[in-house]
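Structure first, then comments.
As the structure is a prediction and not an experimental result, all values here were calculated from the model. In listed order, ligands and their atoms are each counted from 1. When a residue number appears, it is its place in the shown sequence, counting from 1.
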Amino acid sequence: MNIDYRLKPEAERRGESFKPDKPLPFGVLRTDHMFIMDCEDGEWVNPRIVPYAPIEIPPGAIVLHYGQAIFEGAKAFQHEDGEIYTFRIDENAKRLNYSAEVLCIPNIPEDMQIEAIHALIDVDRLWFPQQEGASLYIRPFIFATEDSLGVHPSSSYKFMVIMSPSGPYYPKGFTQPIKLLITKRFHRAVPGGTGSAKAAGNYAASLRAGEFAKKFGASQVLYLDVTNTYIEEAGAMNHYHILKDGTVVIPEFTDTILKSITSRSIMELAPKMGIKTRQERVRLDDFVEGVKSGEIIEAGGFGTAAVVSPVGEYVFEDGSSLVVGNNEIGEYSKRIYEYYTGVQTGKIEAPEGWLRKVERRV
Ligand code: PLP
Ligand code: COI
């Protein structure tokens, strides 16, 4: 791919490594540049890296009316050798194309996506945050730009990548378990819908439930399936629970659950961590019973932004509550968090192909 570099003048770019003096929030800061590529009638053209700035799209753009948009969330880490490595970026690229298929968007070859992301990181490598637990969060996305009010797949799109030096998704990081609301009132996804894709509309549809959760002091909703029988996932992470024999149970991936790269990675790393994992449909009743009986000793969420976020308490709409693991971070969750972040940061050997070094091109 022939990327056109239209960079900021050197004097306006970050000139030294980024050492934040306060804990970094998630997703707020931006780096100096962004990647853009256009799609006209199925052809991806004009790849470029330009200063981070507002973009122009027609007010009639399909994305603004009908939400034809998808995105990914990935991370890069700086290792002790001073180099930056993306983590399982090929899996993000694959999933973006899966989401593209679900939303009738033309796909982008995986190697093209990876090249775009690596080229952008290379340009803005000094933005990598020098702070424990922080990373460079990468947000690739595609949206429909055709100026049309008819409901149909757009004939034009933009693929963009922006980046955010970020701290943990939940401000307290791994120091305090979170609280989730279990409600039968809202659902995130329906069978045959877009729940297994990273479609922007899924997140728009979750906002009301998220605000409702806040009224209960919860960070997010733990969604149930449409029959209110099975546990599905939270708004920004898969769910897990851990049995007293150390088995990690993750709800089976159906078409209403996002196939989390974090969950899949943890399942692959499980033998090395000395834990067992399995996936099954998790009945809410069994889960509640298991927590009460002490059969389930830990629970939480897995995700790129959330990493491993232990849950200490579930609240219900009637005000009742279910405490898991004494509302403390359990030993298994700690072990998984430490091993997983060790792999990401190069302190523990990663399986072949999981980490890709960002080469220096500019
Ligand atoms: N589920 C949902 C709905 C998400 O938005 C995310 C975040 O990406 C996840 C699960 C976790 O997926 P991953 O581990 O691939 O980031
Ligand atoms: C991620 O974990 O990367 C996500 O995309 C979740 C997001 C909603 C913050």
Is ligand 1 under 4.0 Å from a heavy atom in the side chain of [X], in the backbone, in both, or in neither?
X      : result
Glu233 : side chain
Glu91  : neither
Phe302 : backbone

Can you list the ligand 2 atoms lying under 4.0 Å from a non-hydrogen atom of [X]?
X      : value
Phe71  : 5 (O)
Arg139 : 5 (O), 7 (C)
Ala305 : 1 (C), 2 (O), 3 (O)
Gly73  : 3 (O)

When you measure from atom 5 (O) of ligand 2 to every protein heavy atom, which one gives the shortest distance, and what is it?
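Minimum-distance protein heavy atom for atom 5 (O) of ligand 2 reads Lys198 NZ, 2.8 Å.
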
Measure the distance from atom 3 (O) of ligand 2 to every protein heavy atom, then report the residue, atom name and distance (to 0.1 Å) of the closest one.
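The closest heavy atom on the protein side is Tyr137 OH, 2.6 Å.
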
Ignoring hydrogens, just give me the one of Ile266, Leu258, Val307 whose non-hydrogen atom is nearest atom 9 (C) of ligand 1.
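Among Ile266, Leu258, Val307, the closest heavy atom to atom 9 (C) of ligand 1 comes from Leu258.
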
Does ligand 1 have an atom under 4.0 Å from some heavy atom of [X]?
X      : value
Glu72  : no
Gly73  : no
Arg188 : yes
Gly235 : yes

Using heavy atoms and a threshold below 4.0 Å, how should the contact between Lys75 and ligand 2 be classified: side chain, backbone, both, or neither?
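Neither; nothing of Lys75 gets under 4.0 Å from ligand 2.
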
Measure Glu72 to ligand 2 on non-hydrogen atoms and call it side chain, backbone, both or neither using the 4.0 Å cut-off.
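The answer is neither; Glu72 stays 4.0 Å or more away.
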
Side-chain donor-acceptor pair under 3.5 Å between [X] and [Y], yes or no?
X      : Y      : answer
Lys198 : Tyr203 : yes
His187 : Glu232 : no
Glu317 : Thr183 : yes

If you measure every N or O of Tyr169 against every N or O of ligand 2, does any of those distances drop under 3.5 Å?
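No; the residue has no nitrogen or oxygen that sits under 3.5 Å from a nitrogen or oxygen of the ligand.
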
Output field: ring centroids His241/Tyr332 closer than 6.0 Å
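Not under 6.0 Å, so no.
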
Could you tell me whether the side chain of Arg88 reaches within less than 4.5 Å of the side chain of Ser265, counting heavy atoms only?
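Side chain of Ser265 against side chain of Arg88, heavy atoms only: contact under 4.5 Å found.
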
Could you tell me, atom by atom, which parts of ligand 1 come under 4.0 Å of a heavy atom of [X]?
X      : value
Ser260 : 11 (C), 12 (O), 13 (P), 14 (O), 15 (O)
Lys198 : 4 (C), 5 (O), 6 (C), 7 (C), 8 (O)
Tyr203 : 2 (C), 3 (C), 4 (C), 5 (O)

